[in-house]
2 protein chains.
Amino acid sequence: MVAERVRLIDVAREAGTSVSTVSRALNGSDLISPEVVAHVRAVAGELGYRADKRAQEFKLGRPLTVGVTVPDLTNPFFSEVLKGLAASARAGGYRLLIGESGEDPAEELRLVEELVDHSGALVLCSSRLTRSGLEKALALPVPVVCINRTVKNAGAVAIDYRAASRLLLEHLTGLGHRRVLYVGGPATSWSDGERRRTLRRTARSLDVTLDEMDGGWAGNHGYDAGPTVLSSRATAVITFNDLVGVGLLSWMHDNDVDVPAELSVASYDDIPIAAYARPPLTSLRNERARLGELAWEQLATRLAGNDWPRPDLLTPELVVRASTGPARRRARIRTS
Amino acid sequence: MVAERVRLIDVAREAGTSVSTVSRALNGSDLISPEVVAHVRAVAGELGYRADKRAQEFKLGRPLTVGVTVPDLTNPFFSEVLKGLAASARAGGYRLLIGESGEDPAEELRLVEELVDHSGALVLCSSRLTRSGLEKALALPVPVVCINRTVKNAGAVAIDYRAASRLLLEHLTGLGHRRVLYVGGPATSWSDGERRRTLRRTARSLDVTLDEMDGGWAGNHGYDAGPTVLSSRATAVITFNDLVGVGLLSWMHDNDVDVPAELSVASYDDIPIAAYARPPLTSLRNERARLGELAWEQLATRLAGNDWPRPDLLTPELVVRASTGPARRRARIRTS
DNA sequence: GTGCAGAGTGCAAACGATTGCAACCGATCG
DNA sequence: CGATCGGTTGCAATCGTTTGCACTCTGCAC
């Protein structure tokens, strides 16, 4: 079934004209007679001509492809960012070359180096790159946008974690919680750092005691954190993301801990599954697809030859569900 | 920060040799002296030369890119297929150009036509194309592999739904269920058709009454199906996929229906969240990443000039969790 | 009838890399 | 000492497309 490619020259021969004429006819140049255009178009259609985009991009010198890296394709947060980015880029005539780093900084750097050879621009989504790796990436001869990682001399789109953390903590203090535990994410994650930083700062200003522990990004990290969480003195827990949150809820369920009566759980991201957890998880909704769209807008501005726009900050919205409730009055009696 | 590209000729000039020599040195040809290779490599490194892959692919004439379509990037099933595919393709020196059709056959066709111009091969993941659309795609001048949709004259990798449906139904009949309701997926989905077909056939052989209703692919579709499911006479439900299953469980929880005492729920796919639903969802585990890998293997065989290998069929494995249990003895008393 | 404008067309040179072929080198052999 | 040979290197063609420029041709004005 694999047919031979039809080239411009084949169309020209068949139409009895030159390649330049065919090219112009197909690309809609104005200095060419309408009849010829019609004829060439007809012949091209008949022969099933499709321009060799590789030759085209090569000749034109400007790649119509955007390279994107994400830490983990299976994380709904990233999928949705990609969704928004893909749609916008496509509307702008660009395509997406997607690479997954597997949460590994070294692998991400390799990926970046490879993608850049094929792309006219890069989008690093929640980059796990080290400081020096990031500098290397920014020194590449293409524009780079970072999603969820602010950086100089590049495009930047991020979630406003300062506002996010404030929303979460104010909600919890409003319910009477004075001691909160944060179950962290991957150490290489910039956004985990931001969550911690802003939580600490806000906790101080709200007179809340903030404990922290290390965690991860997936359901099992939350499940495994169960015992430690239960033995802590906190009455409320904030998890790095919903996957971790749902995993934690699941452990609590298996161990007969009543959420939210005994412990409140809240999280970042509000992925669809958060609403279907039992109890449904209180979480911070962010417009992830919008994040991708904004990244594209920044890139488009830059590709048009302008300077980088100011970083975009997206303010999340707290979705209160049944996993958070009033703080229990007395210290927990049960032991793990 | 956007530097000027260094070309082969720049390296040649700097190294005091010709472009051919540089090319050969960099590509490891054997008819060139080791000292020159070392020197050229050094100069290239110094200048920060990176080959223009567009020019390279153009010249070599064989695209090193695989175009992939998926109905929905945010569905974990597809993300994991992509993960496996991306890893294998990358190992084989190929990159992935990914497009999302949004579950829309017309959009998928547009996507395919666009991707093919940039790719040397196509992978259609759970294609929603119409019969004629699919024929159009297969007529394109590149090899095509279909994941989860069998087709002639193309590569094919799919899940063995016959075995899958049998595992599910045998599990349920083993628990005493004689009447089962299937909550279906998108009408455009080939795999929904397969699930229905094999369920019907197996139900007949096991003497089980199978009811069917239309559903969808996401959590809300399952949640919305709640009332209809409850009012049916079935003692067990099989849902199109886990997202639908989790949504349904969630409705049951909200409406105080005890799963599995009053109703058993089982599903296809076993995405990670299935284990964290309450009750954890009985589901059919399939090696999704393997699906992607096998698709690549088929493609690699074909790209190497051989015929298409036989279609690969992946047999799933039933993971029994707490959402399925013995059928209740008496008819349901409660009304919706 | 010659000149000239302007529209329409074709020729040929790019883009950056790879690669067949010819040219060159010093050394070895007859 | 010249021919030959193996090992290196450079020249130039090539991939499919776009596009600047030169050219042809028609029609109109003088």
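At whole-Å resolution of the value, CG in L60(B) and P in dA13(D) are 20 Å apart. Rounding to whole angstrom units, CD1 of residue I9(A) and P of dT14(D) are separated by 12 Å. Atom CD of E57(A) and atom P of dA17(C) are 16 Å apart (whole Å). Between the CG atom of L47(B) and the C1' atom of dG16(C) there is a distance of 16 Å, given to the nearest Å. If you take CZ of R50(A) and P of dT17(D), they are 12 Å apart, rounded to a whole angstrom. Atom-to-atom, CG of L8(A) to P of dA12(C) comes out at 17 Å; the value is rounded to the nearest Å. Between the CZ atom of F58(A) and the P atom of dA17(C) there is a distance of 8 Å, rounded to whole Å. Rounded to a whole Å, the CZ atom of R7(B) is 17 Å from the C1' atom of dT18(C).
Contact between the side-chain N/O atoms of T17(B) and the OP1/OP2 oxygens of dG10(D) is found at a separation under 4.0 Å. At the phosphate of dG16(D), neither OP1 nor OP2 sits under 4.0 Å from any side-chain N or O atom of Q56(A). Under 4.0 angstrom from either OP1 or OP2 of dG16(C) there lies no side-chain N or O belonging to Y49(B). Put simply, S23(B) has a side-chain N or O that comes within less than 4.0 Å of OP1 or OP2 on dT18(C).
Here the nucleotide nearest the side chain of K59(A), chosen from dG16(C), dT9(C), dT17(D), is dT17(D). Closest to the S20(A) side chain, of the nucleotides dG10(D), dT9(C), dG10(C), is dG10(C). Residue N27(A) places its side chain closer to dT18(D) than to any other of dT18(D), dC21(C), dT17(D).
Contact annotation: side chain of S18(A) to base of dC11(C), donor-acceptor pair absent below 3.5 Å.
Under the 3.5 Å distance criterion, the side-chain polar atoms of S79(B) are matched with a main-chain donor or acceptor of N75(B). Checked by atom type and distance alone, the side chain of D312(B) never pairs as donor or acceptor with a backbone atom of V157(B) at under 3.5 Å.
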TODO: Any chance you could lay out the side chain to side chain contact (heavy atoms under 4.5 Å, CB included) test for V37(B) and L26(B), step after step, and finish with the verdict?
DONE: CA-CA 7 Å; V37(B) 172; L26(B) 262 30; over 6 Å; no
Task: R54(B) vs H118(A), side chain to side chain donor-acceptor pair (under 3.5 Å): CA-CA, chis, key distance, verdict - done: CA-CA 7 Å; R54(B) 250 170 317 280; H118(A) 298 267; over 6 Å; no
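Two residues, A55(B) and T21(B), neighbour DNA chain D, and the one matched to the more 5' nucleotide by heavy-atom proximity is T21(B).
The side chain to side chain contact (heavy atoms under 4.5 Å, CB included) test with N148(A) singles out one residue from S127(A), C125(A), S189(A), S126(A), and that residue is S126(A).
Using a 4.0 Å heavy-atom distance criterion, S33(B) is classed as a sugar-phosphate-only contact. Using a 4.0 Å heavy-atom cutoff across all strands shown, R24(A) reaches at least one base atom of the nucleic acid. Backbone-only engagement by I32(A) is indicated by non-hydrogen atom pairs under 4.0 Å involving sugar-phosphate atoms exclusively.
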